[in-house]
Amino acid sequence: MKEIEKEAVIKFVDLSFTYPSRDYIFKKFSFNFFKGERIGLVGLNGSGKTTLFHLIMGLLNPSGGKIEIFGKERKVENDFMEVRERIGLLFQDPDDQLFSPTVAEDIAFGPLNLRKNHQETKKILKETLETLGLAGFEDRITYNLSYGEKRLVSLATVWAMQPEILLLDEPTIWLDEGTIEKIVQILNSHPHLSYIIISHDKKFLKETTNCIYLMDNGKIRKI
Amino acid sequence: MIKEKFSEGDSLFHRLDPRVKIIVALFFSVIVAVSDKYTSLWGALFLAVAAVIVARLRTKEVISRLLVVNSFIFLLWLMLPFTFQGERVYTLGSLGICQEGIKYALLITIKSNSIILVGIALLSTSSIFNLVHALRHLHLPDKLVQLFFFTYRYIHTIHSEYIRLNNALKIRGFKPQTNLHTYKTYAYLVAMMLVRSYDRSKRVYNAMLCRGFKGKFWTLNHFVSKKADFAAGIVMISCIMGLVLLP
Ligand SMILES: Nc1ncnc2c1ncn2[C@@H]1O[C@H](COP(=O)(O)OP(=O)(O)OP(=O)(O)O)[C@@H](O)[C@H]1O
Ligand SMILES: [Mg+2]
């Protein structure tokens, strides 16, 4: 019983969303995500998976309904500031994620915004790079990286903020098998981390998540 | 990202504290802009060239940047000598070339080239992040600092979208000709370039928000003001003051 009463950390109630000049992507959309859950999100191309992530982060504004995150209703830009510090989003396109000239600066950007001091940031930077097998990438120029490398560095920028919840949008795309295996291990060695992973890679989802949700026609359901 | 070609080298100027560099560059620009003594200006140009040499930048790149600026100045040379009133030194049909005009154009040429060169030697030898951070440390309002950073970001964005689109055209065998197809394609290119860069710049901003950006820039490499930086600043400022005192 207790389990069910537990508050959802991310809660969508009757949410509607539409892009300008488009049909509804979500209509009366409800969804609950609990702390400790590790779920996979699948669905056809264009079914609104990425849109869902952007709504959680407050990058898009719903036209109706309610979003509650960490027990508080989130409406305006200011509400989402805290959300963004505690939830880490890996963008589908790494070119959207990286904007600093060097890898080190890009990874440090988040921790510095969290007001980590200089030493802490350097430490986080070093640990993150080591965890993801990116040691030696500090001074590489972000726009010259290969796509797989960009993907890993993007993941590093999110990881460095030590978020409570990860939203990963197609994390395995462009990665070689060995690297995917490493990510599986990293995720599984952090049992207290909660996350939602969007992926078309069935094997990866099986190895990293406990249950799978399907997005279909503006609705979401467990499969 | 616009390649910050000049910021990656290693020289006295690359190691200098960006705050010192910004102040010196600003001071130099103001002095050069208001002065109209030829000796001072030639001196300024000399200092500027010396600065670029000290910064050890690739000559070819520096010249190619100067060419861009001077192509605008060239237009001035086409206009100014003919439009000024005063003593004519030469008559070309109904047009008279006026000495005052030539002097004026020369003045502008020296001034702009020296300022650009100093800008290249001092400012472009720091990465954009360091400059932005330095501006903050110089107590410039956050809004202005952001404006500076985003202007830079978005110019880059437009440029990189242009390259992407242009490549997309190229791989499908597009060759510019003088026909409607070419004009239409270029019109699409420009329109798409603007729309897409607007979109992308929004996404970059989103990426920054997602990582807790609240309007302030922090930097990984903190500046520690060394005595040497201070001394270098004083030396450079004195040199610039010296210019004013030239006979
Ligand atoms: N900025 C936008 N303006 C208008 N329509 C958009 C915009 N962004 C996305 N869409 C549309 O919204 C729908 C959902 O997009 P979304 O990116 O969420 O899909 P997705 O489930 O992530 O797909 P994929 O698996 O291909 O990544 C798509 O039909 C898409 O064309
Ligand atoms: Mg998507």
Side-chain angles (χ1 to χ4, degrees), chain A residues 50 53-54 56-60 77-78 80-119 121-122 124-125 138-139 141-145 154 157-163 167, chain B residues 1-10 14 18 124-133 136-137 142 146 149-157 159-161 163-164 195-224:
Chain A
T50 300
F53 277 7
H54 287 213
I56 295 176
M57 299 302 280
L59 303 177
L60 295 171
E77 182 70 14
N78 269 340
F80 283 100
M81 298 235 171
E82 187 202 351
V83 172
R84 292 169 188 154
E85 292 181 353
R86 296 170 63 184
I87 301 186
L89 168 67
L90 178 76
F91 282 87
Q92 183 160 6
D93 183 349
D95 283 329
D96 293 341
Q97 193 121 31
L98 305 174
F99 50 85
S100 313
T102 67
V103 169
E105 272 166 321
D106 215 308
I107 295 178
F109 184 79
L112 289 171
N113 282 331
L114 296 179
R115 303 305 301 119
K116 299 270 187 229
N117 71 30
H118 195 232
Q119 273 169 340
T121 306
K122 286 246 153 140
I124 293 174
L125 174 67
E138 287 87 341
D139 295 326
I141 310 295
T142 52
Y143 53 78
N144 290 339
L145 298 174
S154 301
T157 64
V158 177
W159 194 261
M161 293 186 72
Q162 302 164 328
L167 306 177
Chain B
M1 190 63 53
I2 292 178
K3 298 188 187 57
E4 297 176 30
K5 273 184 208 141
F6 293 144
S7 73
E8 286 155 24
D10 180 35
H14 287 89
S124 62
T125 46
S126 283
S127 79
I128 189 76
F129 264 71
N130 280 335
L131 285 179
V132 162
H133 196 70
R136 252 179 56 92
H137 272 287
D142 280 341
Q146 279 188 45
F149 177 76
F150 287 115
T151 307
Y152 163 83
R153 261 305 313 185
Y154 295 165
I155 288 176
H156 149 69
T157 312
H159 178 73
S160 68
E161 282 305 332
I163 293 189
R164 275 170 186 238
V195 171
R196 286 186 21 176
S197 10
Y198 172 72
D199 214 54
R200 185 159 287 275
S201 57
K202 226 169 52 189
R203 296 202 234 173
V204 165
Y205 185 63
N206 281 344
M208 297 174 74
L209 288 180
C210 281
R211 284 199 268 142
F213 177 68
K214 294 198 205 72
K216 286 202 185 343
F217 288 94
W218 312 100
T219 181
L220 184 56
N221 301 311
H222 260 284
F223 314 135
V224 255

Side chain to side chain contact (heavy atoms under 4.5 Å, CB included) between B/R200 and A/D95, intermediate numbers included: CA-CA 9 Å; B/R200 185 159 287 275; A/D95 283 329; 3.3 Å; yes
Check whether A/L89 gets within reach of chain B through its side chain, its backbone, both or neither, counting any heavy atom under 4.5 Å. side chain
So do B/K214 and A/R115 actually touch side chain to side chain, heavy atoms under 4.5 Å? no
Using modelled atom types and a 3.5 Å cut-off, is there a donor and acceptor pairing between side-chain atoms of A/D96 and backbone atoms of B/R203? no
B/G212 and A/E85 have their tightest heavy-atom pair at CA-CG, 4.4 Å
Side chain from CB out, backbone as N, CA, C, O: work out which of these in A/E77 comes under 4.5 Å of a heavy atom of chain B, or both, or neither. side chain
Part of A/D93 within contact of chain B (heavy atom distance under 4.5 Å): side chain
Write down the atom of B/A207, the atom of A/F91, and the distance for their closest heavy-atom approach. CA-CE1, 3.6 Å
Interatomic distance, A/L60 atom CG to B/N206 atom CG [nearest 0.5 angstrom]: 7.5 Å
Where the side chain of A/R84 meets the backbone of B/M208, is there a donor-acceptor pair that is under 3.5 Å apart? no
Between SG of B/C210 and CZ of A/F109, what distance do you get to the nearest 0.5 Å? 10.5 Å
Non-hydrogen atoms of chain B under 4.5 Å away: do they reach the side chain of A/D106, the backbone, both or neither? both
Which atoms of B/K202 come close to chain A, meaning under 4.5 Å heavy atom to heavy atom: side chain ones, backbone ones, both, or neither? neither
Would you check if the side chain of B/R211 reaches a backbone N or O of A/M161 as a donor-acceptor pair within less than 3.5 Å? no
Tell me whether B/Y205 at atom OH has more than 12 heavy atoms from other residues, nucleotides or ligands lying less than 6.0 Å away. no
Chain B contacts, top residue of A/L114, A/V158, A/T157 (heavy-atom pairs, under 4.5 Å): A/T157
CD of A/E105 to CD1 of B/I128: how many Å apart, nearest 0.5 Å? 10.5 Å
